[in-house]
Amino acid sequence: MNKNNTQLQPLMSSFDERFFEDYVGPKMATDPITAVVELIANSWDAGARNVYIDWPISGKESFSLADDGHGLTAFDFSNRWTQLSYNRLRGQGESVEIPTDNSIKNNRIAYGRNGKGRFSAFCFTEQEYFVETKRDLEHNCFAVRMSSGEQPFKYNKVNLPRPSKLIHQHHGTTVFVNSLKHIGITEGKVRSEIGLRFLTDPDFKVKLNGKTIKFNDIDKSKVKELSFEFSGNTVIIKAIQTDKSDKTTQQHGIAWHANGRLVGQCSWNGFRNDSILDGRTSFAKSYTFIVDATLLVEAIKSDWSGFETTDYALNFYDLVKSTISEYLQGFSRAHRIETTRRLRDNNRVTLDKVGLIGNSRWNSFIEKVQEMCPRINDQELDAVACILANLEASTYQYSLVHKLKEFTSNQLDDFKVLLDEWNLSSAKAVLDEVKSRLTLVEAIREKVRNTNTLEVQELQPLFKKGLWIFGPEFESIEYSSNEGMTRVIVDLFKLEKSGSRNRPDFIILKDSTVSLHGCYEYDDSGFEIGVKKVIIVELKKPGIPLGDKEKAQCWKYAKELYSVGAVLQTAKIECYLLGDQIEEGESGVDTKRDGDVRIVPMVYSTVLKRAESRLLNLHKKIKNAPFLEQQEIEDFLAKNTVKIYKQMTMNIDKIV
């Protein structure tokens, strides 16, 4: 080691002065309404029944928030308050622990999740805030201040205030500041904002400057009374809307009040295991509905956790749900109409093609999408509108939607990846070819496995479409039967050729069928100069072994092609001799003319294995594909063998 080198010390993270605002967010750091709501939520989570707030007014510049919830021991404060991103669910669970002497019977769900709300007190001071807290005979006070460098916040224990700011003798917490920033929010405004969020539970009361916050404190434009008739009584629902949607649905939803108490939780959950409103929408985070459920007192569960789902209660609930839904839909109807008009203009060219009925159906769809999917954003809605317009103009219209409905989530993901990596035209071209080849293999399999097949000749049209089975060099579409070879075939099999202009693609013999397929050679000027390669496919009937005699017949065909000049002297000839069995010792490839001619005996099962191998064994992976169903195979056979075979035999009859 170089003696000039010194051992490096571990580097420590540090915090800039701007860390606080980045950590809690600009609203909690600078907006007094957001800050006080977060502190009240902490009191809710502490099981408080009462919260008392000192709010600065003319002549009294002070801020404090006191509650009678469970306080904190010194250990609790060190473990929770000083821990950044404290995990409430892991540390204390979702349910709130409530002091027994607060006499709150309802189970309460915690508001907070990550502990950031406690730092919102910095919104009211430039320097430090204090936490006076009492629990289990421990009574402490801590100062919390922003810092920089190695720690973003610093904490230390300080003397208790005189007099105490706690509102309960045995437990509770007070957050206060001694040096107050200018707030600039009136008492009336903060009363209204708190009332919008914390009047759902009568067992939770907030007092501001000594006066309990009530419905009358809420801005009248934010509260509307709805009503419906049930069993001869008028039921009142208070609809409360906040100025802006909150970050969660906590304290939003339906609050069921009976005899001055909250029944169950304030939430969007319904009586029928349904949701009155999607909790992810901005409406769900902006609205609260308080229902006077006094008529359902007899249906309240003994622990007040909810209602028994009697027919009476369900009928009541259905009317509540329809009343609220109608109110929300009416509130957003003008916006939906304007959005539909904009989307119609964007898709005018396509919609002009679909007629009045198509336009009417498109309008209905767009209205329903907006109504049932309020969370959908403008970009997604634009895409849906365009898709629906194209579906209306499509031949198959909405059958695609029905297919997509049957997809699992994994299949939808696969479909998305497919569309990312392929355009539809190229994907269809490839899949059409794969379908054709797989169906062809299945069609051949159907014929060769059935010993009662009508005629072995039906295989020949299939093999004409399946030259690719014999190797990649036979993929070219240039391979075809041609007139020159047709004359040779007629000569080879001693068929009368005068008086006929027909061109048989292959010849039927007594015990086999033979087809010839050739590929041309071209000179530098692009003119044909002869056939450079030939495939001879001879199919033998079941029961006829492939042996030396059959191989010799193939060699005879090849020699004749060379001798009459039907092919170039340098041409390559592949003879495939196919049957259901090979004589002992006759398997293997025979070659002639120094390898220019290859005679390959092969049983049908080997042909199928070769075909499947060339298709990368796709059959095993997609054996349940619709086009591999029995009816599809039968249709393929009917289309590709019967028609060709009938035409072929007519041609042969004319030649003979």
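The structure displayed is predicted, hence computed values, not measured ones. Computation of the quantities below employed the complete heavy-atom set of this structure, encompassing side-chain atoms and omitting hydrogens, waters and symmetry-equivalent molecules. Quick note: residue numbers are just sequence positions, from 1.
The side-chain heavy atoms of Glu132 and Thr173, taken from C-beta on, include no pair separated by under 4.5 Å. Under the 4.5 Å side-chain criterion, counting only non-hydrogen atoms from C-beta, Phe119 is in contact with Tyr129. For the pair Ile237/Glu225, no side-chain contact is recorded, criterion being any heavy-atom separation below 4.5 Å from C-beta on. Residues Leu72 and Arg135 fail the side-chain proximity criterion, which asks for heavy atoms closer than 4.5 Å. Side-chain contact between Leu381 and Val369: present, with at least one pair of heavy atoms (C-beta onward) separated by less than 4.5 Å. At a threshold of 4.5 Å between non-hydrogen side-chain atoms, the residues Val263 and His257 do not count as touching. With contacts defined as side-chain heavy-atom distances shorter than 4.5 Å, the pair Met146/Phe122 qualifies. When side chains are defined from C-beta on, Val291 counts as touching Ile254, because their heavy atoms get closer than 4.5 Å.
Partners of Thr339 according to the side-chain hydrogen bond (donor to acceptor under 3.5 Å, both in side chains) rule, which considers only residues two or more places apart in sequence or in another chain, do not exist here. Checked against side-chain hydrogen bond (donor to acceptor under 3.5 Å, both in side chains), Thr294 has the following partners two or more places apart in sequence or in another chain: Asp292.
Listed for the Asn79 side chain is no donor-acceptor partner under 3.5 Å among the backbone atoms of Phe75. A donor-acceptor pair is defined here as one N or O able to donate and one able to accept, closer than 3.5 Å; such a pair exists between the side chain of Ser192 and the backbone of Asp219. Distance alone, capped at 3.5 Å, is enough to place a donor-acceptor pair between the Ser267 side chain and the Asn269 backbone. Checked by atom type and distance alone, the side chain of Lys321 never pairs as donor or acceptor with a backbone atom of Gly270 at under 3.5 Å.
Using bins of under 30°, 30° to 60° and over 60° for the plane-to-plane angle, the ring pair Trp55/Phe124 lands in the perpendicular bin. Using cut-offs of 30° and 60° for the angle between ring planes, the Phe77 and Phe142 rings count as parallel. Relative ring orientation between Phe228 and Phe230 is described as perpendicular, the plane-to-plane angle rising above 60° on a 0-90° scale split at 30° and 60°.
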Stepwise side chain to side chain contact (heavy atoms under 4.5 Å, CB included) check, Ile53 with Asn209: CA-CA 6 Å; Ile53 301 172; Asn209 292 338; over 6 Å; no
Worked check of salt bridge (charged side-chain N to carboxylate O under 4.0 Å, His left out) between Glu338 and Arg342: CA-CA 6 Å; Glu338 179 58 34; Arg342 175 180 63 81; over 6 Å; no
Working for side chain to side chain contact (heavy atoms under 4.5 Å, CB included), residues Arg344 and Leu351: CA-CA 8 Å; Arg344 188 186 303 110; Leu351 291 173; 3.9 Å; yes
Derivation and outcome, side chain to side chain contact (heavy atoms under 4.5 Å, CB included), residues Ile213 and Lys207: CA-CA 6 Å; Ile213 294 175; Lys207 293 183 179 181; over 6 Å; no
Working for side chain to side chain contact (heavy atoms under 4.5 Å, CB included), residues His139 and Leu160: CA-CA 8 Å; His139 191 180; Leu160 293 169; 3.6 Å; yes
Step-by-step side-chain hydrogen bond (donor to acceptor under 3.5 Å, both in side chains) determination, His171 to Asp101: CA-CA 10 Å; His171 52 77; Asp101 57 353; 2.9 Å; yes
Stepwise side-chain hydrogen bond (donor to acceptor under 3.5 Å, both in side chains) test for Ser360 and Asn363: CA-CA 5 Å; Ser360 177; Asn363 281 335; 6.0 Å; no
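Taking a cutoff of 4.0 Å between a charged side-chain nitrogen and a carboxylate oxygen, Glu187 and Arg191 qualify as a salt bridge.
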Side-chain atoms of residues 174-181: list all donor-acceptor pairs with protein atoms under 3.5 Å, sequence neighbours left out, distances to 0.1 Å.
from: Thr174; atom 1: OG1; to: Lys165; atom 2: O; distance (Å): 3.1
from: Lys181; atom 1: NZ; to: Cys123; atom 2: O; distance (Å): 3.2

Would you give me the side-chain donor-acceptor pairs under 3.5 Å for residues 312-320, sequence neighbours excluded?
from: Asn315; atom 1: ND2; to: Asp311; atom 2: O; distance (Å): 3.2
from: Tyr317; atom 1: OH; to: Asp274; atom 2: OD1; distance (Å): 2.9
from: Tyr317; atom 1: OH; to: Asp274; atom 2: OD2; distance (Å): 2.8
from: Asp318; atom 1: OD1; to: Arg272; atom 2: NE; distance (Å): 3.0
from: Asp318; atom 1: OD2; to: Arg272; atom 2: NH2; distance (Å): 2.8

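Side-chain contact, Asn50 with His168: no donor N or O sits under 3.5 Å from an acceptor N or O. Between the side chains of Thr234 and Glu229, at least one donor N or O lies within less than 3.5 Å of an accepting N or O. Checking Thr408 against Asn410 by side-chain atom types alone, no donor-acceptor pair falls below 3.5 Å.
To the nearest 0.5 Å, atoms CG (Leu208) and CG (Asp217) are separated by 8.5 Å. Of the inter-residue distances, the one linking Ser43 atom OG with Phe198 atom CZ reads 9.0 Å to the nearest 0.5 angstrom. Summarising the geometry, atom CZ belonging to Phe365 is positioned 12.0 Å from atom CH2 belonging to Trp362; distances are rounded to the nearest 0.5 Å. Atom CD1 of Ile218 and atom CD1 of Ile194 lie 11.0 Å apart (nearest 0.5 Å). Interatomic distance, Asp76 CG to Glu138 CD, rounded to the nearest 0.5 Å: 8.0 Å. Here the straight-line distance linking atom CG of Asp68 with atom CG of Asn102 works out to 4.5 Å at 0.5 Å rounding.
In this structure, Phe130 and Glu128 approach most closely via the heavy-atom pair CZ-OE2, 3.2 Å. Of all heavy-atom pairs between Val354 and Ala389, the closest is CG1-O, 4.4 Å. The two residues Thr288 and Thr200 have their closest heavy-atom pair at CG2-CG2, 3.4 Å. Contact between Pro99 and Gly47 at its shortest, heavy atoms only, is CD-O, 3.4 Å. In terms of heavy atoms, Asn347 sits closest to Cys386 at OD1-CA, 3.2 Å. Closest approach of Glu38 to Ser120, counting heavy atoms only: CB-OG, 3.7 Å.
Among residues at least two apart or in separate chains, salt bridge (Lys or Arg N to Asp or Glu O under 4.0 Å) pairs with a member in residues 409-419 are Lys416-Asp420. Sequence neighbours left out, the pairs with a member in residues 353-367 that pass salt bridge (Lys or Arg N to Asp or Glu O under 4.0 Å) are Arg336-Glu367, Arg361-Glu392.
No more than 12 heavy atoms of other residues, nucleotides or ligands sit less than 6.0 Å from atom NZ of Lys214. Atom NZ of Lys220 is surrounded by more than 12 heavy atoms from other residues, nucleotides or ligands within 6.0 Å.
Checked against the 6.0 Å centroid threshold, Trp256 and Phe271 count as a close aromatic pair.
Taking the ring axis of Trp304 as reference, the NZ or CZ atom of Arg261 stays within 45° of it and closer than 6.0 Å to the ring centre.
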